[in-house]
Every structure is written in structure tokens, then in C-alpha cells.
Amino acid sequence: MTQRSLLLAVLSTLLALAALLIPLPAVRPRPQQRQIHLNARMFAFEPGSVKVNQGDTVTLVLHSQDVTHGIYLDGYDVNIKAEPGKPAQATFVADRQGKFRFRCSVTCGAMHPFMIGELVVGPNLPFWRAVVALLIVVAGSILTLRSAAPQATPHVSASDQATR
Amino acid sequence: MSQPPIKQPGSNWRFELTRLPFLYRLLRWRPLQFTLTLITLSFFVLALLTSFLGTPVGNRNFSIIFVWIVWWALVIILLVPALGRSWCAICPIPAPGEWLQRRSFIHPRRRKLWTLGKRWPRRLKNIWLQNFSFLAMALFSAIILTRPVATGLVLLAFILLAVGLSLVYERRIFCRYVCPVGGFIGLYSMAAPIELRVKDIEVCRAHSTKECYVGSEHGFGCPWLVFPGNLQRNTYCGLCTECLKTCTMDNVAVNLRLPGLDFFVAKQRRLDEAYKAFIMLACALAYSAVLLGPWGVLKDAANFASLDGWLIYAAVFLAFNLLILPGLFYLTTLLSRKLGARGEISARAYFIDLSYSLIPLGLAAWIAFSLGFVLVSISYALPVIADPFGWGWNLFGLRDMPWTPIAPGLIPYMQVPVLLGGLTFSIYTLWRILGEHGRERLTRAALPPAFFLTLATFGFLWLYLG
Amino acid sequence: MPDNSAPKPYPSFRSRPERIALVLVLLAVVGIPLAVLGTQYGLRPRLAPMRTIELVGRLPSAEHGGWTPDTITVFKGERVRLLLTSADVVHGFAVPKLGIETDAWVEPGKVLEVIFTAEQPGRYEFLCTVWCETGHWRMRGVIEVIDPDDAVATLRDVSPPTTNWMETGIDIDAEHPGENAPSQPPDARRGAELWARLGDRPFPEHFADLDPRLLSPSHAFARLSRPGTALGALTGSLGAEERWHLVAYLWSLKAAPDSLLRGEYLYQRDCTGCHGSLGRGDGPGAHPDLSLDTASDMARPATDFTDLRAQAGASDMLYYGKLVRGGMGTTMPYWGRLYSEDDLWAVIAYVRSFAFKRD
């Protein structure tokens, strides 16, 4: 491993970490009050994907359409359950960005563990950070590998020698 | 996400774990495999009982939780990445057939196995059967993963098939050529940082009795039909360590090594294994969308809500696995071959070679996918231990433990490093495989397949975070 | 099968380790099933503190749907434990006439324990109390309480409703729009205030000549403006809106507050599936699957209790008849064997509150 490639490897790792972790000033739209009605049926929520902005006060109203369902929202302390005909609701402040899955929290049949919807709290910076980190990792890997052995001398491992 | 180390010629670093006296003695202790298998067999028996007699409610049935959550997490998140095929050594499914063949549990009793001893058809001496058995299960995964009876039937079919094959064919034919799980464990075990190898191939060449293959009073001949002297990859070594026990030259070792060296054993690359890599990557993508995604239509189709829906789903699923994903990758290899001016190698061989670069990313994707539901559902294990059948038992007072997802908000933050690490490993693998054909125009040749890998990773990131 | 006798150095099959291994394998393969079955079917019943009956709930449309078993026989005075479980989705359980009204769910794969002692012989119907599908109401069963000394008593419905609505001749299947109807939901409190100002004696006394259960709000309204009567003289000058407040006041006097609470409890538990928690006829079962039978009344949507004209035209007895018998040919089930007479009137009083505001 050349010094240059080591440097590139370290540098791209640091850059990728920076892309993932460096705090950025939050650009927040003005917080709103949002009421979101979620219809639950075996084994999906409608709408399955909900978008809000960071800082919004969100009220989820759960309407079970067929049998009793619930909502457990990842990362937020929300767990409500609703019998059909008896909507239930929960209010919380969407204070963290990212995609949070909400899952049915009342066993409702075979596919219950996979009854999942998603709440995207925008701007979805965690996703875009991951995409930037992805690009850094790809570029970093290729540049590192390029500089590791730039000459046209193939290197062959012991196992290759045994087979080729 | 540190870059994997670049291996320099000659720096084939290995640490011989079997030099540790404790480990050496443990691995040579004959009852070891039996003892561990007895434990897994007990769980297997309980899983089979609960699947048929217990509640039809999957998340309250021992079989579903312990097979598809606990066992699955153990295998794909811990055992395969760290210890390769080690599960295969302690798997209960081939055990009854193997005991029957040997007519003993621990010590070798006679040289001949109790079996018709037929030869496995030459045309099936590959993992195509495993590719298709896995796909067949994958098509019904929404059913099998959620219905205890379906899980029970699958387990029962496995063990009956394993016993049946052991009566007809010599050694572990089921594991080697049929088991849908063994196929991908073998594929991904290539990435593992441990291996079983001979210490010095010259010793084997000079040694004619080959106890490692035929067996001796110290141990059985390789159940996997592998001659350890030829081992260069983990793919078909079940880590049962019989050869460690039988080798009279003490020439067998279990090594710690750099992960993924097996990808570079160029001579042993094959289309069936390449397809295994595609199938696994495609299934990880498809499952992430169908099972963890928010789309009810997909769930209905996979869950047999209607026959028509399922047929369409099955057609698209198979096409994605067998045609679309391999086809797209094939296009990138064609482009790579052109850009890299590697016309001297056939397009087919080039495609097969480069396919192995999908394996690390595939493994990472399966780990990421599994994190997405294992951490959420693992808390079902406690009530299920207390009441395996859903009959109202309350062993250890754990029955009323509520369902509590573990760190669900952090799952994406575990998935990202796993995926990016897998991608890095994949690009490294790609680079080294390309390097086998010369160093000229390496970057150009690498770009199209690297783009494919990046796009696949983006797909996972989008599904998990986007 | 080839069977070469083992060469000398090989340990014999009957060696100690092999025998131990065989025992262990047998323990796993035979011992575990025996232990499991022995515990479940031998040990547990013997350790049970009292007679235990397992009751499994399934969606009525499923194979073996409904309650299994759907008939349970116990002795008078016998302490019995029910272990309730669901094989699919959340169900509920109540035996109103035995006073068993647990609010706990019968959750899939979990076990709900209910202990009871029935002192009076007879038939007690039980039901699922959580909406589970269109056929939810079919999820019913019977507990038969046997008195060995009185065989006939077992067949009796315990405390059946005593009012015979059929004698009144009301056609409970007919549409019943009121001739008069308020345009806004009237307010009983304002009616009370009005009467405090105008009234000469307790308001219901003006209707003492009629059976209050047969009186519809529309009918009562008509009385308020009838000239030549004492009541007409007192209220004739009021506007329609004020007169409707008085009608609401009249109905509010019919039910005691605790009866209304009981009615609310029962309605919210058993009626919301079709009529909705706000009485709008918008529950998940309000519109039965039209593909089943479009021609019949099965396709009729659930009654909307906020429809003021329909409420105005219905006497309490009409509702009573519908509740006791069920809506013939519609998906409205019968409640006469589940609810006591007090429960029936309590539900009716609560249903009125969707049209008539109360405190």
C-alpha cells in the first residue's frame, strides 16, 4: 500500500463520516399543525407514506377499517390502538428529521409484523447525507485502489498461483 | 467504513487459530459437534411441535419467532459474517440422516456408510438446485415467514428430504446440493474472516492414505465430499472439522485471515454461484420493498390475497431475480470489457468473474435488511419462550412481556455503515478481479460495474431512509 | 446394505458415549414432545384450581369461524374458568346477563382468563365485543347453566325482556320519517329553561294520557301546537325551534343519568361497528358488502341516528322492537337474548342523544 493510497483511504473515510455526522444549521419551514388521517387495513396503511416538516406538530388519527390495528412509531413515543369504528389519535412534535417507520402494534393476522408505513420528516437530511457519503465512498474507493498499484504489474496471490 | 486493506503480493496474512491449545483440543473433541447439534435439534423438535400444534398466530408461536427471527439473526448477522459456514456444522436438519448413515453419534464405527451409496448425478453437481430451491421458498416467503404450519411443513420437508437423500446417496448430499439455505451460506462464507485449510499442500500431495476423505478410527471422511487438500474457498466446507480429527499429518488448520480472499480463486468461479449472488441481491431488494416497504399492493400480492395478484408477483419476482438484475449487470460487464479492452476473455467468463464482486454488498444488504426487522421483532422471543404454543403457559413469568422494538430509531444509522462498508468491500473485490486480467485501463473497466454496485446501494438507501 | 464388521480399533457401538448420546437424542426427539403433551394435557388440567374451559375465537367467515366451542355447559354454583384466545385478530368477550363485561381484548395468541360462577340456571348468550368483520355479530355462543334438580330451567332465557312490542302493532320494518322534524338538533337544557319559565306542572304530566314509549318526537311536537289544549295554550306561541327544545327536554327526562351511561357503554361497545361512534351510520360495517346481495335489505346501510327526521318519527318502542328482534333481512342483529330490558331502554336513551342534545 502506497502512502498516497493510505492517505486517500483515510481522507475518504473521514469525508464520508463528515458527510454523515457534521451538524448543519437546520433550514426549517415554519412549523405547522398537521392532522393526518391514517386508514388501517390488513396489512397496510393508507396513505402508506406521510410527509411532514421538522418542527410540525403532528396529530395522527388512526381509523381501523377491518379489524383492530395500532400504530407504533419508530423513534417517537407513539403507540395508539384503535378498534374499527373507534378512531384513536396521538399528537407529537416531529422534532427529528429522517424516515421513521410506523408499524401496526396490535396483532391483526398473519402479515401483521410487516404492516408498515412510513413518516418522512423533511427535509430528509439523513437520507441525503447517506447519499453524499455513498458518493464519497465510491469515489474514495476507486481513487484509493487506483493509487495503490498504478503500474501495470499484476499482483497475484498465493491462491491464484495455485490455480492459474 | 474503513477501506479494506490492500493486499500486497506475498502478504497472505493468516493466523492459525488451531495453534491455540484450548481451541485445538476443543475442535478435536469428538462429542463437540454432537453436543451442539443436540442443542439445535432440541430447538428444532420444539419448533416442529409448535408449528403444528401451537397457535396459528405467527408472532406468538415459538416456531416463527425462533426460526425466522432468532435463528435468522444468528445466522445472517453473526455466524455467516464472522464464522462462515459454522451453522452448517451444528445444523440439526442433516443430523438424523448422518447419524443413520454412520449408525453412530459420536465415534466412527466402521468405514462403510449405511446407505445405498448411489452417485449424485453429474449434472446436479452444482448449486443450481439450491438456487431454485431458494427461489421457490422465496416466492412463498410471505406465507412461510408468517404461518406456523407453513414453517412446520418446510422444516418437515427439509428433514425428510435430508434423511431420504442420506439413505440413497453417500454423505451430506442434501447440504451440498439441495439445501436452499446452504446455498447462500456457502456463497457468503467466502467473505468470512475464518477458513479451514491445509497448512502445507505438499504434505497432502505426498500423503496417499487420505484419511481426511475416507475416514479413520479418529473421524469420518469429509461429509461434504471435499478433499481438504484442494480447499481454496470456504464455499463447500461445512466446518465440521472431521478432517482436523482424522489428519494423521496434523496438516489441517482453522485460520483467521483477511475476509473475502475466496473471491479471488479465479479457477473455481462458476455461473451457478454467480447466479446465487444475483438471486441473493435481488431477493434482498425485493424483500426490503415487499416486507419492509409501505406498499399494501405488494404485500397483498406476496400474501396470496388473490391468485392473479400472486402470479403477477411471482412472474415479476422471478424475472427480477433471473433476468433483469443479471441482465443489467451483464450490460455493465459488456461495457466494462469494451472500455477496459479486455476482449481476450470471453464475455461469459468476464461476466461470471465480475459477478463475484456482488457478494460483499449482497451480504451487507442482507444484514441491513435483517436489522430492519430483527431488532423490531426480537422482543417477541420472551413471551414465546414462556408460552411456546400460545396455550397460556407462563414459564419463567415472561409471558406478558410487551412487544418492545429495540432502538428502532437507530436502525437506519446501523444500516448505512453496513451498506457502505459492503459497497467498499465490493468495489475492492471488483478491482482485484479486474486486476487479474491486467492492470491496463483498470479504472475505465471498473466504472460500469461500480456504477451498478452504487446504484444497488442507492436502492437500499432509498428503501431504508429515503 | 453393506455391513462390514468394524475393524478392531473402532470403538463398539455399545460404547458408553454412544449409549449416552442415544439417550440424549431420544430425550430430544421423544422426550420433548412427551413432556410438552404431558404438561398440557396431563399436568395442567390436574393443577388447574377449578374447571377450565378453553374458548377460541376466529373470524366468523373463517374455517371453524366464530367461537369454538359455541356452547358451554356448566353447573349452577360451579366456579368455572374460561381461557379465551384468538386465532386471528382482536376479539372481545362479554356475557351481559352474567355480568361478565371485560374490557380486555381477546388478543391473538394471548390468553385472557375469565372466572365466573352462575347462580341461576338457564341460557346466557355471549358475544364478541370488538368489531372484527362484517359477520362480527354472528360471533356468539351460549353458556348453559344446569340445575340438576330442575332440568327445564336450563332451557330458559334468563331475564328476557318483558315488554311485548308486538302487541303494540308497530311495524318496525317500515320507514319512519317524522311528519315534523327539527332543522337543528334541539337542546334539552334550553327546553328545561323554557319550561321552568312557562310550565304549570311537571312537563311529562301533559302526556300522561299516552304511553310514553309509543310517543314519537314528531307526535310530541304536534301536541305542543295543538290549539284548545292546556299544553297548546302554554306553548302555542313558541317558535318551532323552541318547541323542539321542549321535546328534547321531554326525552331527557326519560332516562336517569346512570342508565344513560350504561347505554353509552353498550352502544360504544356493540353498535359502533355499523352506526359509528357518533351515531352517523358510518361504522366500518355500515355498508355491507354489496356484492353479496344487492337486491335485498342486506345492502341497506346502517341507520344514521343524526338523521333528525328519522329520529323524530321513531317512538322508543320502535327502537325497542328493532333491538329485541333485529332488523329482519338486514345486517342488524338481535339483542333481546343478550341485553336485559333495562339495558335495552338504556341503549335507546343513549341513541336519542345523537339527535337531542343533553348536558
Side-chain angles (χ1 to χ4, degrees), chain B residues 30-31 34-35 37-50 53-62 64 92 95-96 99 101-117 148 167 215-218 380 383-384 387-395 399-400, chain C residues 1-37 39-41 43-44 47-48 52 54-58 62-64 81-90 107-113:
Chain B
R30 284 228 54 92
F34 172 79
T35 310
T37 310
L38 185 69
I39 296 169
T40 59
L41 182 71
S42 305
F43 278 91
F44 184 86
V45 169
L46 193 57
L48 213 50
L49 280 174
T50 50
L53 300 179
T55 173
V57 180
N59 48 343
R60 287 277 160 182
N61 188 303
F62 178 88
I64 293 289
W99 292 333
Q101 278 190 343
R102 295 171 172 178
R103 299 229 258 161
S104 87
F105 297 104
I106 298 170
H107 291 284
R109 185 179 165 214
R110 50 169 65 87
R111 230 169 261 269
K112 284 270 186 189
L113 291 176
W114 195 71
T115 165
L116 289 178
L167 292 176
S216 74
E217 72 272 24
H218 298 295
Y380 284 129
V384 150
D387 187 10
F389 293 82
W391 283 339
W393 296 14
N394 196 358
L395 308 173
R399 186 183 67 196
D400 298 318
Chain C
M1 296 280 162
D3 187 17
N4 301 355
S5 57
K8 275 247 168 77
Y10 283 76
S12 143
F13 184 53
R14 297 187 192 287
S15 71
R16 230 172 109 92
E18 291 296 330
R19 267 181 297 175
I20 295 173
L22 180 64
V23 170
L24 290 173
V25 168
L26 285 177
L27 272 179
V29 176
V30 184
I32 290 178
L34 285 181
V36 161
L37 297 175
T39 306
Q40 175 67 4
Y41 298 108
L43 205 58
R44 283 186 87 221
L47 291 179
T52 299
E54 289 176 9
L55 203 55
V56 182
R58 292 187 185 85
E63 211 180 327
H64 311 296
R81 179 171 67 161
L82 297 177
L83 295 182
L84 298 149
T85 186
S86 158
D88 38 42
V89 305
V90 172
E107 279 191 77
K110 292 191 191 176
V111 174
L112 178 70
E113 190 180 78

Heavy-atom proximity to chain C below 4.5 Å, by part of Trp393(B): both
Contacting region of Leu112(C) [heavy-atom separation from chain B under 4.5 Å]: neither
Separation between NZ of Lys110(C) and CG of Asp387(B), rounded to the nearest 0.5 Å: 11.5 Å
Closest heavy-atom pair and its distance - Ile106(B), Ala21(C): CD1-CB, 3.8 Å
CZ on Phe105(B) to CG on Leu24(C), rounded to 0.5 Å: 9.5 Å
Euclidean distance, Leu22(C) CG relative to Trp99(B) CH2, rounded to 0.5 Å: 10.0 Å
Can I get a per-line list of side-chain donor-acceptor pairs under 3.5 Å for residues 40-47 of chain B, giving both atom names and the distance, sequence neighbours left out?
residue, atom, partner, partner atom, Å
Thr40(B), OG1, Thr37(B), O, 2.9
Thr40(B), OG1, Ile90(B), O, 2.7
Ser42(B), OG, Leu38(B), O, 2.8

Options Val111(C), Thr85(C), Asp88(C), Val36(C), ranked by heavy-atom pairs under 4.5 Å with chain B, top entry: Val36(C)
Exercise: identify the closest heavy-atom pair between Pro33(C) and Leu49(B): CA-CD1, 3.5 Å
Chain C contact via Ile39(B) - which portion, at a heavy-atom distance below 4.5 Å: neither
Test item: Leu37(C) and Leu53(B) side chains (from C-beta on) under 4.5 Å apart, heavy atoms: yes
